[in-house]
Amino acid sequence: MKIVIIFLMTFILSQPSFAAMPHRHHQMSQEGPQEDYAFSGELKEGVREITVEAFRYGFKPDPIVIKFNEKVRLLASVTDVTHGLMISEFKINTPLRKGQPKKIEFIADKKGSFIIHCSVYCGTGHSRMHGRLIVK
Ligand code: CUA
């Protein structure tokens, strides 16, 4: 019995999700080779407009890919409960309530890969609700 428990503990502790704690709350800018994603959304009169959905527990699209120095407009909404869309490096933190889509505008003046956090408690998966913003 004891051996089984020790085995289980070793197994649990070796899992990547466990190893990743405490979770990263800051940017992963300049991390590794950048994957070759297509840009998200579409250009409308010089502004990249992207429809973003927040849900338990993630953001869609993921990643959101934009061009350096572009003007960006996120049309953000939720499909279930209230969430928050936060990208610290761009000083964005907007609560998203059901039935109340929000326009979030900013200029992509930093290159790299940034974590999108959910900033409103939305359930047991809240702290691991992340998305990614890639500026290239
Ligand atoms: Cu979604 Cu917290």
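Reckoned from all heavy atoms, side chains included, excluding hydrogens, waters and symmetry mates. Both ligands and their constituent atoms are indexed starting at 1 by order of listing.
With sequence neighbours excluded, no residue forms a ring pair (Phe, Tyr, Trp, His ring centres under 6.0 Å) with Tyr57.
Among the atoms of Val120, an N, O or S atom falls under 2.8 Å of atom 2 (Cu) of ligand 1. Among the backbone and side-chain atoms of Met129, an N, O or S atom lies under 2.8 Å from atom 1 (Cu) of ligand 1. Taking backbone and side-chain atoms together, His83 has no N/O/S atom less than 2.8 Å away from atom 2 (Cu) of ligand 1. Between atom 1 (Cu) of ligand 1 and Cys122 there is an N/O/S contact shorter than 2.8 Å.
A cation-pi arrangement is not found for Lys110 relative to Phe68, the charged atom failing to lie both closer than 6.0 Å to the ring centre and inside a 45° cone about the ring normal.
If you look at His126 and ask which of its N, O or S atoms sits nearest atom 2 (Cu) of ligand 1, the answer is ND1.
Under the 4.5 Å side-chain heavy-atom criterion for grouping Ile, Leu, Val, Met, Phe, Trp and Tyr, Ile92 is not connected to Ile107 through any hydrophobic cluster.
Of the residues listed (Leu133, Leu74, Asp62), the one engaging Ile116 in a side-chain contact (heavy atoms from CB on, under 4.5 Å) is Leu133, and it is the only one.
We find the OG1-CD distance between Thr51 and Glu42 to be 8.0 Å, quoted to the nearest 0.5 Å.
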